[in-house]
Amino acid sequence: MKQLRTFILLLAVLTSFTHAKAQVNMLDKAINKATDSYLGIKNALAANDGVAAENNAKEFLTVLNSVPVNSMTADQSKVWKKYIDRLQFDGRHISEVPRVEHQKEHFASLTKNWRAVLDGFKMNKPGV
């Protein structure tokens, strides 16, 4: 009987660990996808392609809205809450205005804020 309880307890722990790891992977994937969209905006603006910047900014906003907040640690959630409105504001401006000069102004702010999120999430550190 004691072995059965131990087995059930071990199974419950392994199941919860697997579930937690899957949530972290979903968060990592969403942040990586948002970073890809961010880089798409950067590359479009470097090429002075306002339409491509708009499209990448729309994708960036879509990804931001799909980030699994419930998979974040308390510290990550605090960072996210601090920066999400700023990221959405700049992303929305880039996605709605085809003028590259104006897009670049918002991209500077977007870059600062996205970097702060990545630093706060500790996702841009080698080996982490």
Side-chain angles (χ1 to χ4, degrees):
M1 187 66 151
K2 187 176 180 180
Q3 289 178 335
L4 181 59
R5 281 190 223 157
T6 304
F7 177 74
I8 291 172
L9 180 62
L10 181 62
L11 185 61
V13 168
L14 288 175
T15 302
S16 65
F17 176 75
T18 303
H19 179 68
K21 183 131 175 96
Q23 286 184 332
V24 169
N25 286 337
M26 288 174 27
L27 178 61
D28 287 350
K29 286 180 183 181
I31 296 299
N32 287 337
K33 190 171 181 179
T35 300
D36 288 344
S37 298
Y38 164 84
L39 292 173
I41 298 168
K42 179 187 82 67
N43 292 335
L45 292 175
N48 291 317
D49 186 347
V51 173
E54 280 182 79
N55 292 332
N56 282 291
K58 287 176 185 174
E59 181 180 336
F60 181 76
L61 289 169
T62 299
V63 175
L64 286 183
N65 291 325
S66 70
V67 170
V69 178
N70 60 340
S71 298
M72 295 178 187
T73 65
D75 289 340
Q76 290 172 332
S77 182
K78 185 177 177 182
V79 169
W80 188 254
K81 288 176 183 174
K82 180 177 179 180
Y83 289 100
I84 185 61
D85 290 338
R86 300 173 196 185
L87 293 168
Q88 289 174 331
F89 176 80
D90 289 319
R92 195 169 37 256
H93 272 269
I94 295 168
S95 74
E96 294 173 347
V97 178
R99 293 185 324 275
V100 173
E101 297 78 23
H102 187 72
Q103 289 173 326
K104 287 182 179 182
E105 290 172 12
H106 283 281
F107 185 73
S109 175
L110 183 73
T111 296
K112 181 181 122 197
N113 294 321
W114 189 239
R115 172 65 190 256
V117 168
L118 294 178
D119 285 347
F121 277 38
K122 298 184 182 4
M123 298 188 88
N124 60 343
K125 308 267 189 249
V128 174

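In this text, all values refer to a predicted model and were calculated from it rather than measured experimentally.
- A heavy-atom distance below 4.5 Å is found between the side chains of M72 and V67.
- Note that NZ of K33 is 11.0 Å distant from NZ of K29, once rounded to the nearest 0.5 Å.
- Taking a 6.0 Å sphere around NZ of K104, one finds it holds more than 12 heavy atoms contributed by other residues, nucleotides or ligands.
- For the pair S66 (side chain) and V63 (backbone), a donor-acceptor distance under 3.5 Å is present.
- The two residues A57 and I94 come nearest to each other via the heavy atoms CB-CG2, 3.6 Å.
- Between F89 and H93, the ring planes are tilted. Angles from 30° to 60° get that label.
- Between L45 and A53, the closest heavy-atom pair is CD2-CB, 3.7 Å.
- Nearest heavy-atom pair, L110 versus D90, reported as atom, atom and distance to 0.1 Å: N-OD2, 3.5 Å.
- Transitive grouping of hydrophobic side chains (ILVMFWY, heavy atoms separated by less than 4.5 Å) keeps V97 and Y38 in distinct clusters.
- Listed by first and then second residue, the side chain to side chain donor-acceptor pair (under 3.5 Å) pairs that reach into residues 77-89 are N65-Q88, sequence neighbours excluded.
- Taking every heavy atom of both residues into account, S95 and L61 meet most closely at OG-CD1, 3.8 Å.
- A ring pair (Phe, Tyr, Trp, His ring centres under 6.0 Å) check over residues 52-75, counting only residues at least two apart or in different chains, returns the pairs F60-W114.
- A donor-acceptor pair under 3.5 Å links the side-chain atoms of Q103 to the main chain of G50, judged by distance alone.
- To the nearest 0.5 Å, atoms CD1 (I31) and CG (L118) are separated by 7.0 Å.
- Residue I41 holds its CD1 atom at 12.0 Å from NZ of K58, rounded to the nearest 0.5 Å.
- What you find for N56 and A44 is that their closest heavy atoms are ND2-CB, 4.5 Å.
- Between S71 and Q76, the shortest heavy-atom distance links the atoms O-OE1, 4.4 Å.
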